[in-house]
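In the text below, chain A, chain B and the rest are named by the order of the sequence lines, each starting its count at 1. Here the structure is a predicted model, which is why all the values come from computation and not from measurement. Just so you know, these numbers use all the heavy atoms, side chains as well, and skip hydrogens, waters and symmetry mates.
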There are 2 protein chains.
Amino acid sequence: MSEILRQQIEKITPLTDKEFEYILSHFTRKKIKKHQYLLQEGEAVQNDYFVTKGLLKAYYVNQDGKEHIMQFAMEDWWITDYQAYFNETNATLNIDCIEASEVLCLSLRNREKLCADMHKIEHFFRKKSNAGYVALQRRILSLLNSNAKERYEQLLQQYPLLFQRVPKTLIASYLGVSRETLSRLSS
Amino acid sequence: MSEILRQQIEKITPLTDKEFEYILSHFTRKKIKKHQYLLQEGEAVQNDYFVTKGLLKAYYVNQDGKEHIMQFAMEDWWITDYQAYFNETNATLNIDCIEASEVLCLSLRNREKLCADMHKIEHFFRKKSNAGYVALQRRILSLLNSNAKERYEQLLQQYPLLFQRVPKTLIASYLGVSRETLSRLSS
DNA sequence: TTCTTAATGTGATTTATATCACACCAAACT
DNA sequence: AGTTTGGTGTGATATAAATCACATTAAGAA
């Protein structure tokens with residue numbers, strides 16, 4: 001269902017049916033099974049992904065094989081390796097499915113074309129990017145200022161829905177704590 | 001000197017003299033002395049600030065009175081409390097001058113007006129915001145994945161100019177390490 | 001069902017970093 | 001010139017969290 005994308009855009013700017021149809025024509029659809037990769041480290045990053053169904057994670061794997069989760073994405077969220085996507089370099093992140101998912105794929109070329117053609121859409125993406133920037137600043141502040149327990153509680157409060165779907169092990173990896181420490185905090 | 005702003009914009013999109021003059025008319029100038037506040041916690045956030053001269057820091061002060069630096073800004077950088085600026089809420093960050101500074105001030109109203117009037121400028125701000133988002137992701141990854149020493153070395157490599165101007169104590173506060181630990185690392 | 005894999009809890013130990021305390025020096029005021 | 005303030009180094013100690021190790025349970029796969 002692409003209605004969910006339309007709704008997201010319309011929270012920022014109204015669209016006619018024609019306009020939305022035009023926008024949507026720049027996306028392709030993709031279904032991914034559980035545990036399947038959407039993106040692997042070292043590959044070129046083809047797309048930004050808008051999630052219409054399911055749940056994914058983008059994560060970095062370091063030299064020791066430890067995973068650090070950059071972001072989750074469920075319905076109505078966007079996900080990709082943005083550094084690589086915007087700069088057209090190879091991915092340093094992996095993205096794979098926590099649950100079977102469906103996404104709408106937007107290549108950088110189509111994104112830029114849409115933005116050039118429709119001032120509205122450039123406005124939409126600017127607003128989304130600003131909101132994303134602010135969200136990351138909050139996360140940084142949380143990392144700088146709070147200990148493991150506080151970060152856990154903040155996340156729980158901010159994204160309660162996530163907890164019903166994401167195993168604690170992955171929450172730990174997102175928070176930058178070991179799964180053992182997180183386990184001890186909950187109790 | 002506002003030429004520095006023009007150069008920054010022209011890295012993304014070319015401008016005529018008229019266009020730049022029009023853009024600049026939406027900014028006001030401000031000079032700030034060393035140690036003076038540009039913004040204090042609890043205030044309304046009037047502007048986003050483009051630095052033409054000097055060096056500033058934006059930081060959060062927690063319940064215990066400990067400072068955590070969200071960002072620095074020197075010539076050619078932007079700085080404000082973005083969460084509060086974009087959402088028109090009161091500041092949770094403080095901004096003050098490390099060196100005597102000069103800034104160009106852009107209110108949210110003028111920013112939105114410029115973006116609505118000139119597609120070019122909306123494009124510029126979208127690009128800047130995207131780049132900012134990517135930079136914050138890098139910082140998060142650094143916080144998740146690296147210890148104090150590694151983070152220090154990464155920062156040193158990424159912003160070598162900063163080190164000649166910012167005391168180590170503040171670098172520590174940006175990295176999320178105590179000044180004592182940072183001091184021991186350097187040696 | 002049985003087998004394997006993923007998720008979780010919990011003890012014992014180690015380690016990175018924070019905290020406390022004090023000394024020293026350089027810069028800025030007055 | 002003298003006095004305050006800001007920046008820095010370094011020892012001793014405390015603490016949050018990582019790591020290692022093992023047990024338990026739940027969930028998928030054959």
Side-chain angles (χ1 to χ4, degrees), chain A residues 32-37 54-57 59-69 72 94 96-101 142-156 162-187, chain B residues 32-37 54-57 59-69 72 94 96-101 142-156 162-187:
Chain A
I32 320 100
K33 293 189 190 131
K34 193 165 170 171
H35 294 135
Q36 197 184 326
Y37 281 105
L55 178 58
L56 305 100
K57 65 178 203 274
Y59 57 101
Y60 177 75
V61 181
N62 73 8
Q63 308 79 336
D64 311 335
K66 273 184 63 176
E67 279 189 28
H68 292 286
I69 293 182
F72 294 108
N94 299 275
D96 61 40
C97 276
I98 299 171
E99 299 172 10
S101 302
S142 178
L143 286 166
L144 291 179
N145 191 47
S146 306
N147 62 24
K149 178 157 208 175
E150 291 163 346
R151 294 208 298 279
Y152 177 70
E153 279 157 4
Q154 285 160 23
L155 185 65
L156 196 105
L162 218 58
F163 284 79
Q164 293 145 30
R165 297 171 70 174
V166 178
K168 295 262 174 68
T169 310
L170 296 183
I171 299 286
S173 161
Y174 177 90
L175 289 174
V177 208
S178 71
R179 54 158 215 87
E180 294 94 331
T181 297
L182 188 70
S183 168
R184 282 183 253 264
L185 291 181
S186 331
S187 53
Chain B
I32 320 101
K33 292 187 192 130
K34 193 166 172 171
H35 294 135
Q36 195 184 327
Y37 280 105
L55 178 57
L56 305 100
K57 64 178 202 272
Y59 57 100
Y60 176 75
V61 182
N62 73 7
Q63 309 80 336
D64 311 335
K66 272 184 64 177
E67 279 190 27
H68 291 287
I69 292 181
F72 294 107
N94 299 275
D96 61 41
C97 275
I98 299 171
E99 297 173 9
S101 302
S142 177
L143 286 166
L144 292 178
N145 191 48
S146 305
N147 62 26
K149 179 157 205 173
E150 291 163 346
R151 294 207 299 281
Y152 177 71
E153 279 158 4
Q154 285 160 24
L155 184 65
L156 197 106
L162 218 56
F163 284 80
Q164 292 145 30
R165 298 171 69 175
V166 177
K168 294 263 174 68
T169 309
L170 296 182
I171 299 285
S173 161
Y174 178 91
L175 290 174
V177 206
S178 70
R179 58 154 213 88
E180 293 94 332
T181 298
L182 187 71
S183 167
R184 282 183 253 264
L185 292 181
S186 331
S187 53

B:E99: which of B:K34, B:R165, B:K57 passes salt bridge (charged side-chain N to carboxylate O under 4.0 Å, His left out):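 Considering B:K34, B:R165, B:K57, a salt bridge (charged side-chain N to carboxylate O under 4.0 Å, His left out) with B:E99 is found only for B:R165.
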
Side-chain N or O of [X] less than 4.0 angstrom from OP1 or OP2 on [N]?
X      : N      : value
A:K66  : D:dA18 : no
B:T169 : D:dT8  : yes
A:T181 : D:dA18 : yes

Where the side chain of [X] is defined as all heavy atoms beyond and including C-beta, which of [options] is the nearest nucleotide?
X      : options               : value
B:R179 : D:dG7, C:dA28, D:dG9  : D:dG9
B:S178 : C:dA18, C:dA7, D:dT19 : C:dA18
A:K168 : C:dT8, C:dT17, D:dA12 : C:dT8
A:V177 : C:dG9, D:dA17, D:dT8  : D:dA17

Report the residues that fulfil side chain to side chain donor-acceptor pair (under 3.5 Å) with A:R179, sequence neighbours left out, ordered by chain and then residue number.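 In terms of side chain to side chain donor-acceptor pair (under 3.5 Å), with neighbours along the sequence ignored, A:R179 is linked to no residue.
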
Specify the angle, to 10°, made by the local axes at the two ends of the helix from C:dT1-D:dA30 to C:dA28-D:dT3 when five pairs are taken at each end.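 End axes: 50° apart.
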
Note: B:K33 and B:C97 closest approach over all heavy atoms is O-CB, 3.3 Å

Taking atom [atom2] of [N] as reference, at what distance in whole Å does atom [atom1] of [X] sit?
X      : N      : atom1 : atom2 : result
A:R184 : C:dG11 : CZ    : C1'   : 7 Å
B:L182 : C:dT17 : CG    : C1'   : 12 Å
A:N147 : C:dT19 : CG    : C1'   : 15 Å
A:E180 : C:dT14 : CD    : P     : 16 Å
B:E99  : C:dA27 : CD    : P     : 15 Å
A:K149 : D:dA16 : NZ    : C1'   : 13 Å
A:L144 : C:dT17 : CG    : C1'   : 15 Å
A:Y152 : C:dT8  : OH    : P     : 10 Å

Got B:I98 and B:F72 here, is their nearest side-chain heavy-atom distance under 4.5 Å?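 In contact.
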
Is the shortest side-chain heavy-atom distance between A:L156 and A:I171 below 4.5 Å? no

On DNA chain C, check which nucleotide each of A:L170 and B:R151 is closest to and give me the residue with the more 5' one.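 Result of the comparison: A:L170.
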
Would you kindly compare B:S146 and B:K34 by the position of their nearest DNA chain C nucleotide and give the one closer to the 5′ end?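 Result: B:S146.
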
Would you check if the side chain of B:E150 reaches a backbone N or O of B:N147 as a donor-acceptor pair within less than 3.5 Å?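 Checked: pair present.
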
To the nearest 0.5 Å, how far apart are OH in B:Y37 and CG in B:D96?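 So the OH of B:Y37 and the CG of B:D96 are separated by 5.5 Å.
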
